Novice: 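The structure under discussion is supplied below as structure tokens; questions concerning it will follow.
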Number of protein chains: 2
Amino acid sequence: MDRRATIKDVAEAAGVGVATVSRVLSGGSASAAARERVLAAAAQLDYRPSALGRNLRQRRTGGMGLLVPDLTDTFYGQLAEGVLACARSAGEPVVLGSTGGDPEQEADLIGMLIEQSVDRLIAVPSGDAETWTPAMRAGMTVIFADRLPSQTSPDGTGPSAVGDLMALDGLPPAPPARPLDVPAVVADDRAGIRTAVRYLRGLGHKRIAFLGGPGHDGRADAFRAAVGEPVDEELIVFGTGSRDSAYAAASGLFQSRPDLSAVVAGGNVLGEAAVLAARELDLRVPKDVSLVMYDDVPWAELCSPPLTVIAQPGRDMGYRAAELVLRAGTRRARSVVLPTELIVRGSCGPRR
Amino acid sequence: MDRRATIKDVAEAAGVGVATVSRVLSGGSASAAARERVLAAAAQLDYRPSALGRNLRQRRTGGMGLLVPDLTDTFYGQLAEGVLACARSAGEPVVLGSTGGDPEQEADLIGMLIEQSVDRLIAVPSGDAETWTPAMRAGMTVIFADRLPSQTSPDGTGPSAVGDLMALDGLPPAPPARPLDVPAVVADDRAGIRTAVRYLRGLGHKRIAFLGGPGHDGRADAFRAAVGEPVDEELIVFGTGSRDSAYAAASGLFQSRPDLSAVVAGGNVLGEAAVLAARELDLRVPKDVSLVMYDDVPWAELCSPPLTVIAQPGRDMGYRAAELVLRAGTRRARSVVLPTELIVRGSCGPRR
DNA sequence: CCTGTCCATGGAAACGATTCCATCATGGTT
DNA sequence: AACCATGATGGAATCGTTTCCATGGACAGG
């Protein structure tokens with residue numbers, strides 16, 4: 001087995017210098033004669049430039065990194081497909097990492113990407129600003145997708161989980177880590193949640209619960225805003241990311257607050273858990289409890305009743321993010337907010 | 001912003017040569033004194049070796065490639081999670097590509113990986129042996145997962161789609177492309193399908209159909225073997241990969257053969273299509289038609305009735321494949337066949 | 001005919017790591 | 001005391017590409 005042809009082989013075969021070969025192949029200026037001979041020699045030798053040499057010389061790996069919490073979550077599958085579609089049409093490689101929603105794993109993966117000199121990154125962030133400073137310091141072009149890093153609330157109200165965590169180590173109350181200035185591609189959560197709540201209100205529901213997962217703080221806030229004062233915080237519960245914990249949260253919610261008549265699930269994993277928990281507790285959907293789920297996924301239609309959802313364009317989100325991250329450098333990317341759509345199926349009914 | 005520290009900076013700071021730094025950091029022999037000073041300097045400078053230089057010198061990119069047909073198919077999401085979990089614990093990057101089940105895109109992605117000098121690849125193959133020769137010729141270590149490339153049947157019976165395609169161009173009847181000698185991690189399709197068919201037979205079903213997608217030739221063959229002679233080929237239909245085509249195939253099947261009483265779906269996308277098509281045609285599951293679906297996915301339980309499935313361990317499959325591809329080189333990898341399990345839920349009933 | 005401009009060209013440096021190899025110090029054995 | 005084996009060490013080569021720069025030829029204008 002002979003090794004791959006190098007640029008030197010091509011240069012020799014074409015009777016020109018390596019510089020000329022490089023210029024011809026990467027669009028520099030060259031005479032028609034030289035161009036022709038180089039192209040012929042390259043084809044003859046089946047030459048493909050090695051990304052290794054180029055990357056080293058340019059001190060950067062092409063392509064982009066992609067960090068998502070969990071690929072078995074259909075929504076992130078859609079998002080990844082969008083990113084991959086864009087990357088493929090650009091001929092760029094994508095380095096994938098799954099964080100499991102864990103900031104620590106996320107930090108590890110960011111470190112790995114830095115080591116690889118991947119300098120463009122699309123991420124559904126799990127960690128907070130601190131997790132992301134190494135990436136910024138390394139000069140990465142980062143685009144967030146689907147959500148922003150949870151922020152230590154600057155005013156002290158609504159202590160986030162992150163805030164609690166940081167309080168543990170006895171350090172000063174977290175330097176006012178200014179929010180990261182990173183462009184993002186997100187859905188219009190505020191409008192989506194508002195639409196869902198109004199829809200449920202229109203059906204007569206008064207006690208509406210929100211079932212969220214990690215990273216759904218923004219949606220929970222939108223929910224608070226949509227239901228208006230007074231907010232019954234007991235009706236806002238969170239799972240930690242695993243399907244089990246989502247189920248436990250849903251089940252706990254149904255049992256502790258039998259008076260609720262409708263649930264907004266902040267993501268498809270939560271929606272799944274809500275359906276399962278309701279079934280287990282003999283609550284009928286939508287007779288006993290109405291359900292609106294964030295994310296439209298193929299199986300939402302399979303449920304019975306088919307689930308009413310707030311659709312967000314996962315694939316588009318990924319595609320747009322990939323476009324942004326590839327264009328970046330040309331000019332600073334601006335954030336993008338994509339519209340959501342309430343798709344009414346059968347999981348909501350009038351208040352019993 | 002100063003650039004990242006290089007090995008040269010560390011050597012200078014520690015007062016040693018670059019060779020010593022390299023040895024210390026990659027486990028070579030060095031005196032305790034040197035080791036200590038190098039480690040201190042490296043920590044001081046926050047040095048992380050660049051994968052770029054290493055890769056070029058070693059003429060190979062670390063990590064592995066992963067090629068799947070479609071990430072919105074939950075099963076491939078599971079498989080990818082398994083691969084990523086193993087890669088993460090090894091600290092290796094994963095370059096992901098989605099082929100859409102299209103051999104042409106697959107070939108493009110293989111080319112991209114070769115260009116990147118990625119020399120380890122896990123793939124759910126879509127193309128035939130010919131698609132894979134470039135990868136073999138490049139000396140890649142390839143592990144197939146979930147299925148093997150479709151083979152031009154050597155004896156001429158059962159002309160595969162591939163065979164037909166090759167006949168078109170008037171070339172000699174396809175050189176007997178010997179099957180690729182590539183290790184694989186697959187589920188025991190034969191046993192899985194057999195179990196499903198026996199289970200349905202036990203419920204009294206006589207006319208059982210198989211609904212397959214691209215890459216399900218093996219499962220279709222297993223189905224033929226399981227039902228035994230005579231095989232009613234009309235009861236074996238295929239979609240082309242998209243959800244629409246799966247739906248069309250399912251719908252066509254139900255309409256053309258109203259006498260069938262049970263369906264085995266070769267994958268979760270096909271199962272989804274079968275449920276949808278049945279509902280549209282007012283066929284009740286399991287009263288009018290029983291359904292067994294290949295792949296256990298979280299939403300199988302959400303359907304009503306919950307779907308009886310043949311579970312295959314997608315995550316394990318990915319993890320094992322990643323282990324194999326990382327170990328390869330140590331010794332030639334052997335193929336692995338993982339067990340399947342029939343999980344009885346509610347989508348099968350006695351023949352009406 | 002001379003000179004200045006422009007462009008194509010190829011040699012060589014650079015990128016950051018690993019690894020070969022020659023050198024040197026050390027310590028033990030004859 | 002002479003010699004050899006061993007092990008640590010650093011300089012330099014290497015990987016394959018891009019890009020800088022010096023060179024030389026062609027061509028146009030004076």
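Computed from a prediction, not measured in an experiment: that's the story for all the values here. So you know, we letter chains A, B, ... as the sequences are listed, proteins then strands, and number each from 1.
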Novice: Start at the 5' end of DNA chain D and walk down; is the nucleotide closest to B:A19 or to B:Q58 reached first?
Specialist: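 It is B:A19 whose nearest nucleotide is closer to the 5' end.
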Novice: Which listed nucleotide (D:dC15, C:dT9, D:dT19) is nearest to the side chain of A:A34?
Specialist: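 Of D:dC15, C:dT9, D:dT19, C:dT9 is nearest to the side chain of A:A34.
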Novice: Quick one, A:M317 and A:V83 - any side-chain contact, counting heavy atoms below 4.5 Å?
Specialist: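 Counting from C-beta outward, A:M317 and A:V83 never come under 4.5 Å.
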Novice: Considering every strand and a 4.0 Å limit on heavy-atom distances, what is the contact class for B:G17: base, sugar-phosphate, or nothing?
Specialist: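 Sugar-phosphate: the residue B:G17, judged by heavy atoms under 4.0 Å, touches backbone atoms but no base.
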Novice: Strictly distance-based, threshold 3.5 Å: is any side-chain N or O of B:E106 a donor or acceptor partner for the main-chain N or O of B:G127?
Specialist: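 Yes, B:E106 side chain to B:G127 backbone: donor-acceptor pair under 3.5 Å.
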Novice: Where each residue is assigned the nucleotide of DNA chain D containing its nearest heavy atom, which of A:L52 and B:V18 is assigned the position nearer the 5′ end?
Specialist: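 Closer to the 5' end of DNA chain D: B:V18.
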Novice: Find out whether B:R147 and B:P69 are in side-chain contact, i.e. whether some heavy atom of one side chain is under 4.5 Å from a heavy atom of the other.
Specialist: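 With C-beta onward as the side chain, the pair touches.
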Novice: In this structure, how many angstroms lie between the P atom of C:dT19 and the CD1 atom of B:I7, rounded?
Specialist: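 Rounding to the nearest Å, CD1 of B:I7 and P of C:dT19 are 11 Å apart.
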Novice: So, does the side chain of A:R57 form a donor-acceptor pair with the base of D:dT18 at under 3.5 Å?
Specialist: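 Present.
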Novice: With nearest nucleotide decided by heavy atoms, which residue, B:A51 or A:A30, maps closer to the 5′ end of DNA chain C?
Specialist: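 Of the two residues, A:A30 wins.
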Novice: Given C:dT19, D:dT18, C:dG16, identify the nucleotide with an atom nearest to the side chain of A:S22.
Specialist: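 Selected nucleotide: D:dT18.
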Novice: For a quick check, tell me whether the side chain of A:R23 and the base of C:dG10 share a donor-acceptor pair closer than 3.5 Å.
Specialist: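 Pair found.
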Novice: Above 12 or not: heavy atoms from other molecules or residues under 6.0 Å from CD of B:E36?
Specialist: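 No, the 6.0 Å shell around CD holds no more than 12 heavy atoms from other groups.
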Novice: Among the nucleotides C:dG10, D:dA8, D:dG16, which one has an atom lying closest to any side-chain atom of A:S50?
Specialist: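 Among the listed nucleotides, the one closest to the side chain of A:S50 is D:dG16.
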Novice: Would you mind telling me which of D:dG16, C:dA8, C:dA17 lies closest to the side-chain atoms of B:P49?
Specialist: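 The nucleotide sitting nearest to the side chain is C:dA17.
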Novice: Below 4.0 angstrom from OP1 or OP2 of C:dG10, is there any side-chain N or O of A:T20?
Specialist: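 A:T20 to C:dG10 OP1/OP2: side-chain N or O found under 4.0 Å.
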